Participant: 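Just passing along the structure, written as C-alpha cells.
We use all heavy atoms of the structure for the numbers below, so side chains are in, but hydrogens, waters and symmetry mates are not. Note that the coordinates shown come from a computational prediction; the quantities given were computed from them, not determined experimentally.
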Amino acid sequence: MYQHRYFPHTGEDITAMLERIGAKSADEMFADIPAHLRLSSNGYDLPEEMSEPEVRDYFEGLRDQNKSLVCFAGGGFYDHYSPAVIPYLTSRSEFLTAYTPYQPEISQGTLQYIFEYQSMMAELTGLDVTNASLYDGATATAEAVLMCVAASRKKNRVLVSSTMAPAVLEVVKTYARYHKIDIDLIAEKDGVTDFEDLKRLLAKGDVAGVIVSAINYYGIVEDYTGWSEVIKESKALFAINTHAIALGVLRSPAEWGADIAVGEAQSLGFPLNYGGPGLGYMCVTKALMRKMPGRIVGATTDEKGQRVFVLTLQAREQHIRREKATSNICSNQGIMTLYAAIYLALMGAEGLKRVNVQSSDAAHYAASQIENLTKAKLLFPDKPYLNEFVLHTPHVDAIIAKGVHEGVLAGIKIGDDRLLLAFTELRTKAQIDKLVQIIKSAENE
C-alpha cells in the first residue's frame, strides 16, 4: 500500500476514511467531478526515467542556456556581494527548527534569529518595533496602507507618492481595491514628490496615511524636511519606503518623523537569482505595534535564569477571526530573515557604510564618464542620488541590445528615452568603462 513514501495512511486507514464518508473507493469519492475534468490514469505525459548522472546532465544543460550578464539593472533589486559564509550558517541545525515557532522549547534557533533580525532592523530605521516578516517590499508597502486605515478607523484614503516604483504602486493599488481603500497619488515635480501637492491633498481631509520613498524610482534621494509636521497636523500616519541597505547611510525614517518604515531587504546581500526570493521589512512606533501584521519575538529568562526567546505577539485574528484581522499575512520569509540577520551581523555599521560608499562612488564615476564621453545626459542632473540614476538618451533600445551582445545588462528601460542604471560595490572600473563604450558605440550606429 505504500506507493508514496510520505503518505502515512495504511490500507486500513484509507478504508476507514472511505467508510466514514460513505464511499467505496477513491474514484467514487470524486464521482461528482465531471469525467472530462478528471485526469485519467494514463494522462501523465512524463519522460522516461533517467539515472542520477543523466538528471544532473539534463539540468546542467538547461542552466548553461542562461547567459550571465554584468548587471547594471536595479529598480529595487541590486547585485550586491553575498558573503560565502552565509549559506553555511543558514544550514546549521540549530536554525533548522520548526517552521512556525509556536513551541519555544523546540524553536529556539528560529526565535533567536528572528529576534536578532528585529533588533538590527529597529536600529537601522530608528523605530521601536520590527515584525518578521513580509514576502517582499511591495507587499510590505501595501500592508502599510492597510495599517494606516486600520489605525485611523474612520478614514479611508491614503496618499502615495507618484515617484514610487511602478511595480510597488500596482501592488498597493491591488490591495487597496479589494479593501475598498482610496489611493490618491501625490504629484511629481522635477523628479521628486511635490510638497505643495501633498498639502493640497491633505487639506481635503479624510487622509489616513502618507507613503513616500526615501530613494525614489529615479534613484533620487528625496528631502522630506517639514513633511512629518504637516502630516501629523492632519492626524495622518507617515510611512517611508527604503531599500534596506541604504538605511546604513541615509537619514533614518525615525529622523524624518515617520511612524512606519517599510521596504525590500534583498539588498542585504541576497543573490538576485532570476527574481527572488526577496524579504519585506516593516518597522513601526510602539503605538502601532498591535496593528502590525506578522509576528514579534522577544527575549526573556527561563526558570533556570537562562536567556531564551519567545513568540511575544501575533495577532490571533489572523487565524480565528479572519474578517476582523488587520491583515491575513500569517507566515513570513523565515529563511530570508535569517539570511538578512547574518548579513547585517557580518557587515556591521561600518561594513554597510562601506558598501554604500563604494556603490555611490561607482555610480558617480559612471555618471561623469558618460556625460564626458557620450551624448547621453542625466535626466535630473541637479538632484542627489546614491547608487542609481536615469539617463536621457534616444538610444535606449540600442544600448540595451548592444549590452546583451557584449555580456552586459545595461540598465532598465523606463521610457523611450530614459534608461535607469544602477551600480553596486561589485561593479569594477573596467566594467563601468565597458558600459560607457557600449553607450558611445550605440550612439554612433
Side-chain angles (χ1 to χ4, degrees), residues 118 121-122 125-161 164 168-186 198 201-202 204-213 227-228 230-242 253-254 256-264 280-297 311-333:
Q118 291 174 173
M121 289 306 301
T125 61
L127 293 169
D128 302 317
V129 188
T130 307
N131 78 347
S133 52
L134 295 152
Y135 295 117
D136 56 27
T139 54
T141 307
E143 291 287 345
V145 169
L146 304 187
M147 179 184 288
C148 288
V149 172
S152 68
R153 296 184 181 180
K154 295 183 180 180
K155 298 178 181 178
N156 200 48
R157 193 158 63 101
V158 176
L159 310 181
V160 183
S161 171
M164 189 168 288
V168 176
L169 277 175
E170 287 303 309
V171 173
V172 166
K173 289 176 181 177
T174 299
Y175 270 58
R177 181 185 310 128
Y178 295 104
H179 284 82
K180 296 179 172 52
I181 296 171
D182 296 324
I183 299 293
D184 283 352
L185 297 182
I186 310 168
L198 167 75
L201 291 169
L202 286 172
K204 293 182 178 181
D206 192 35
V207 175
V210 176
I211 302 181
V212 298
S213 296
W227 281 59
S228 177
V230 169
I231 292 167
K232 284 178 170 49
E233 283 177 9
S234 298
K235 298 187 181 340
L237 294 176
F238 186 23
I240 297 180
N241 177 302
T242 316
W256 284 122
D259 304 286
I260 305 168
V262 291
E264 175 59 60
Y281 72 86
M282 175 179 278
C283 308
V284 301
T285 59
K286 189 175 182 180
L288 293 172
M289 179 171 62
R290 293 187 176 276
K291 298 295 183 183
M292 186 165 55
R295 53 174 65 99
I296 300 171
V297 172
L311 192 59
T312 302
L313 179 65
Q314 178 165 283
R316 295 300 299 174
E317 286 78 6
Q318 293 174 182
H319 302 288
I320 61 175
R321 291 188 297 169
R322 301 182 71 180
E323 72 282 357
K324 296 182 180 295
T326 300
S327 168
N328 280 305
I329 290 289
C330 307
S331 189
N332 77 98
Q333 289 281 46

Participant: Okay, side chain of Lys155, backbone of Lys235: is any donor-acceptor separation there less than 3.5 Å?
Facilitator: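 The answer is yes, because a donor-acceptor pair under 3.5 Å joins these two groups.
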Participant: Report the distance from atom NZ of Lys204 to atom OG of Ser234, rounding to the nearest 0.5 Å.
Facilitator: 13.0 Å
Participant: Please report the interatomic distance OG(Ser228) to CG(Leu237), rounded to the nearest 0.5 Å.
Facilitator: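 Answer rounded to 0.5 Å: 10.5 Å.
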Participant: Could you give the distance from OG1 (Thr141) to CD1 (Ile240), rounded to the nearest 0.5 Å?
Facilitator: 12.0 Å
Participant: Counting only N and O atoms by type, is there a donor-acceptor contact under 3.5 Å from the side chain of Asn131 to the main-chain atoms of Ser133?
Facilitator: no
Participant: How close do Val168 and Met164 get, counting heavy atoms only, and between which atoms?
Facilitator: CG1-SD, 3.6 Å
Participant: Is it true that a side-chain atom of Arg157 and a backbone atom of Gly209 form a donor plus acceptor pair closer than 3.5 Å?
Facilitator: no
Participant: CE of Met289 to CG of Leu313: how many Å apart, nearest 0.5 Å?
Facilitator: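 The CG atom of Leu313 is 6.0 Å from CE of Met289, to the nearest 0.5 Å.
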Participant: Is Leu169 close to Leu185 at the side-chain level, that is, under 4.5 Å between some pair of heavy atoms?
Facilitator: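 The answer is yes, as the side chains (C-beta and beyond) meet within the 4.5 Å cut-off.
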Participant: State, to 0.1 Å, how close Val149 and Ser152 come at their nearest heavy-atom pair, and which atoms those are.
Facilitator: O-OG, 3.0 Å
Participant: In the structure I gave you, are the side-chain heavy atoms of Pro293 and Met147 within less than 4.5 Å of one another anywhere?
Facilitator: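 Touching, per the 4.5 Å side-chain cut-off.
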Participant: Determine, stepwise, if the pair Val145 / Ile181 fulfils side chain to side chain contact (heavy atoms under 4.5 Å, CB included).
Facilitator: CA-CA 9 Å; Val145 169; Ile181 296 171; 4.1 Å; yes
Participant: Side chains of Val129 and Thr285: does their closest heavy-atom pair fall under 4.5 Å?
Facilitator: no
Participant: Can Thr130 and Met282 be said to form a side chain to side chain contact (heavy atoms under 4.5 Å, CB included), step by step?
Facilitator: CA-CA 6 Å; Thr130 307; Met282 175 179 278; over 6 Å; no
Participant: Asp128 side chain to Lys286 main-chain N or O, any donor-acceptor pair under 3.5 Å?
Facilitator: yes
Participant: Please determine whether side chain to side chain contact (heavy atoms under 4.5 Å, CB included) holds for the pair Ser213 and Asn241, giving the CA-CA distance in whole Å, both sets of side-chain angles, and the decisive distance to 0.1 Å.
Facilitator: CA-CA 5 Å; Ser213 296; Asn241 177 302; 4.2 Å; yes
Participant: Measure the CD-OH distance between Glu264 and Tyr135 for me, rounded to the nearest 0.5 Å.
Facilitator: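 These two atoms lie 14.0 Å from each other.
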Participant: Looking at side-chain heavy atoms only, is the closest gap between Val210 and Leu198 below 4.5 Å?
Facilitator: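 They are in side-chain contact.
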Participant: With no hydrogens and no angle check, is any side-chain donor or acceptor of Tyr175 less than 3.5 Å from a backbone partner on Ala142?
Facilitator: no
Participant: Ignoring hydrogens, what is the shortest heavy-atom contact between Val262 and Ala140? Give both atom names and the distance.
Facilitator: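 Taking Val262 first and Ala140 second, the nearest heavy atoms are CG1-O, 3.6 Å.
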Participant: Hey, are Lys232 and Asp259 close enough for a salt bridge, meaning a charged N less than 4.0 Å from a carboxylate O?
Facilitator: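 Answer for the salt bridge query: yes.
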Participant: How close do Phe238 and Trp227 get, heavy atom to heavy atom, and via which atoms?
Facilitator: CZ-CB, 4.1 Å
Participant: Within this structure, what is the CE-CG distance for the pair Met292 and Leu146, rounded to the nearest 0.5 Å?
Facilitator: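 If I round to the nearest 0.5 Å, the distance is 14.0 Å.
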Participant: Measuring only between side-chain heavy atoms, which start at C-beta, is Ile186 closer than 4.5 Å to Leu159?
Facilitator: yes
